[in-house]
Number of protein chains: 2
Amino acid sequence: METLDKNKESKGKKRASKRDPEGSRQALIDATLDTIAEIGITDTTVTSIIKRADLSRGMIHLHFGGKDKLLSSAAKYYSEVYYAELEKSLKHAGGDPEAIIMAVVRTDLGPNLLNERSAKVWHAFRGVAHSHPGISEYSSTQDERLKGILQKAFEHITREHSVGGQLSARQATFGTFALLEGMWVHFLSDMDGFSREEAVSLIQKFLSGMFPGHFAQD
Amino acid sequence: METLDKNKESKGKKRASKRDPEGSRQALIDATLDTIAEIGITDTTVTSIIKRADLSRGMIHLHFGGKDKLLSSAAKYYSEVYYAELEKSLKHAGGDPEAIIMAVVRTDLGPNLLNERSAKVWHAFRGVAHSHPGISEYSSTQDERLKGILQKAFEHITREHSVGGQLSARQATFGTFALLEGMWVHFLSDMDGFSREEAVSLIQKFLSGMFPGHFAQD
DNA sequence: GTATTTAATGGACAAGCGTCCATTAGCAAC
DNA sequence: GTTGCTAATGGACGCTTGTCCATTAAATAC
């Protein structure tokens, strides 16, 4: 019998075999996101990426056609992971609009989506988006999907209880979204002082102020 | 009599004479901010900056000691301009806490501070701050000063009317700040659709929801 | 086994980067 | 004028960047 470790995906991160195009592709994307989070997007070079992925120089050109396209693919992947997590959480939320909104808030501020690596990558991508169409595309898609979910839920609430002078669904979406983005920024500038519970509770207070009778605190 | 234009600071941007260290310094800072806003911080190189400032290669090293220090100086200058505008507006606001808070909100979202160039520069700086201590310093200083002003005003309000279950001054500051940051992000992603009035009004509604009896809408 | 296919390698390359400094030139003092 | 000071110039430098491709080697088909 032979040794059974070493060559069989033992660590979960290593590629399956020496020839594994799909694995190499993903390894490059992961290494890109790691590098951006660790040393910043300005210092993220082809060399720093392939060093971290433990692959050879030519792989980026081979699998993505260039550094720029790798960055776009990494942004796309990041956005997909974000949205997958959100949808997973929404499946357990049921159909109640309030529950949906609070599930979005809780998930967006939860440790799976809002953590050091993720927040740094998000921030870096947003910072360069304006001069990088490939990245811009995916981060604005992510925003629009999130806003879409919120707006649909808020529309239900405003329709049910048409409470005269209150906020429109559009404004409520706008405000909630801004608060969430602000929380991410805050998290980055003070990770130790940040409290997820407090952030969720604050948004909930904002919502219950805007929609009296709804979003009651525990 | 001689011609009186052409060589006497006529355009306000040109340097006063061919030898003007202070003017050159400022021209480099302005060119840096312009370049960042136009082509992004990633593509902002020594060459692109000196081309825009219409100065020679050596000037960056001469006046700032290197590109990195020029960037830090540009961040510092940006922050100073922001804060000067804010203080100017606060002088007219009087001593009333509500008026101070609303003046901060209106100024932060006004065209002098929130415009295309300014927002793009701000975004770019924040995106690289984590791997660039010189920039990080000034953008966090700016944040802290703004939060300080808000918190002091909110403390007055919470002290006067100690309305039991309401928001603490810290939370109100947190929420207002997050909303403002969110508005800037929103402005960047949809400049045409953005309405300053709506943004101000939304924050005011948030505040009047949190502090019933205060921040009454017009 | 051999042939075929293609993932992966890593060095060569030109272009571009930021830094530096010997030189030039503008202004003030005399 | 001449001198002294220093702002300003712009080319040379070494280094790093991203791209590309001839070569190697792993897996599959026969």
Side-chain angles (χ1 to χ4, degrees), chain A residues 2 6-9 13-32 35-36 39-75 124 128 131-135, chain B residues 6-9 13-32 35-36 39-75 128 131-135:
Chain A
E2 310 170 60
K6 265 307 154 20
N7 274 326
K8 274 217 164 170
E9 230 181 359
K13 276 208 147 190
K14 252 293 174 11
R15 298 193 310 289
S17 79
K18 295 244 174 173
R19 282 169 74 93
D20 178 9
E22 214 54 50
S24 295
R25 241 190 90 93
Q26 191 57 46
L28 285 170
I29 287 176
D30 290 340
T32 302
T35 308
I36 290 173
I39 62 175
I41 199 162
T42 308
D43 296 329
T44 296
T45 64
V46 167
T47 306
S48 71
I49 294 169
I50 55 100
K51 227 173 215 168
R52 183 171 259 276
D54 200 28
L55 288 169
S56 60
R57 278 194 92 53
M59 292 291 267
I60 289 177
H61 181 251
L62 179 68
H63 286 294
F64 297 92
K67 189 201 175 192
D68 256 38
K69 286 178 192 157
L70 167 57
L71 258 98
S72 297
S73 299
V128 300
S131 44
H132 199 133
I135 289 175
Chain B
K6 266 288 137 53
N7 273 325
K8 275 215 165 175
E9 233 181 358
K13 277 208 147 190
K14 251 271 158 44
R15 297 195 309 291
S17 80
K18 296 242 171 174
R19 280 169 76 92
D20 178 8
E22 214 53 50
S24 295
R25 242 189 89 93
Q26 191 56 47
L28 284 170
I29 288 178
D30 290 340
T32 303
T35 308
I36 290 173
I39 62 174
I41 198 161
T42 309
D43 296 330
T44 295
T45 65
V46 166
T47 305
S48 72
I49 294 169
I50 55 102
K51 228 174 215 167
R52 182 169 258 274
D54 199 29
L55 288 169
S56 60
R57 277 194 93 52
M59 293 290 268
I60 289 176
H61 181 252
L62 179 68
H63 285 294
F64 297 92
K67 189 201 175 191
D68 255 38
K69 286 175 191 160
L70 167 57
L71 258 100
S72 298
S73 299
V128 299
S131 43
H132 199 134
I135 290 174

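This structure is a prediction, so every number in the text was calculated from the model and none was measured. First the proteins, then the strands, lettered A, B, ... as listed; each starts at 1.
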Report task. Would you indicate what B/Leu62 reaches in the nucleic acid, counting non-hydrogen atoms under 4.0 angstrom: base, sugar-phosphate, or nothing? Result -> base
Query raised in the report: With respect to the phosphate group of D/dA8, does any side-chain polar atom (N or O) of B/Ser24 fall under 4.0 Å of OP1 or OP2?
Result: yes
**Report entry** Atom-pair distance (CG on B/Leu28; C1' on D/dT9), nearest Å
**Finding:** 13 Å
Query raised in the report: D/dT16 P sits how many Å from A/Ile39 CD1, rounded?
Result: 14 Å
Query raised in the report: To the nearest 0.5 Å, what is the distance between CG (B/Leu28) and CG (B/Leu70)?
Result: 6.0 Å
Query - Length of the NE2-C1' vector between A/His132 and D/dG18, whole Å - result: 14 Å
Query raised in the report: What heavy-atom pair brings B/Gly40 and A/Ser131 nearest, and what distance separates the two atoms?
Result: CA-OG, 3.5 Å
Query raised in the report: Would you say B/Ser56 reaches D/dA8's phosphate, i.e. side-chain N/O to OP1/OP2 under 4.0 Å?
Result: no
Query raised in the report: Taking N and O atoms by type only, does the side chain of A/Arg57 place a donor or acceptor under 3.5 Å from a partner on the base of C/dT9?
Result: no
Query raised in the report: For residues 42-53 of chain A, which residue pairs qualify under side-chain hydrogen bond (donor to acceptor under 3.5 Å, both in side chains), counting only residues two or more places apart or in two chains?
Result: A/Asp34-A/Arg52, A/Glu38-A/Arg52, A/Thr47-A/Arg57
Query - Integer-rounded Å distance: C/dC20 C1' and B/Phe64 CZ - result: 17 Å
Requested in this report: Could you check how far NE2 of A/His63 sits from P of D/dT19, rounded to whole Å?
Outcome: 15 Å
Query raised in the report: Rounded to the nearest 0.5 Å, how far does CD1 of A/Ile29 lie from CG of A/Leu71?
Result: 10.5 Å
Query raised in the report: For A/His61 and D/dC20, is the shortest distance between a side-chain N/O and OP1 or OP2 below 4.0 Å?
Result: yes
Query - Separation of B/Ile41 CD1 from B/Ile36 CD1 (nearest 0.5 Å) - result: 4.0 Å
Report task. Check the distance between D/dT9's C1' and B/Ile49's CD1 and give it to me in whole angstrom. Result -> 18 Å
Report task. Send over the distance from B/Arg19 CZ to D/dA7 P, rounded to a whole Å. Result -> 7 Å
Report task. Please report, rounded to the nearest Å, how far the P atom of C/dT19 is from the CD1 atom of B/Ile60. Result -> 8 Å
Report summary line: When B/Glu22 and A/Val46 are each assigned the nearest nucleotide of DNA chain D, the 5'-most assignment goes to B/Glu22
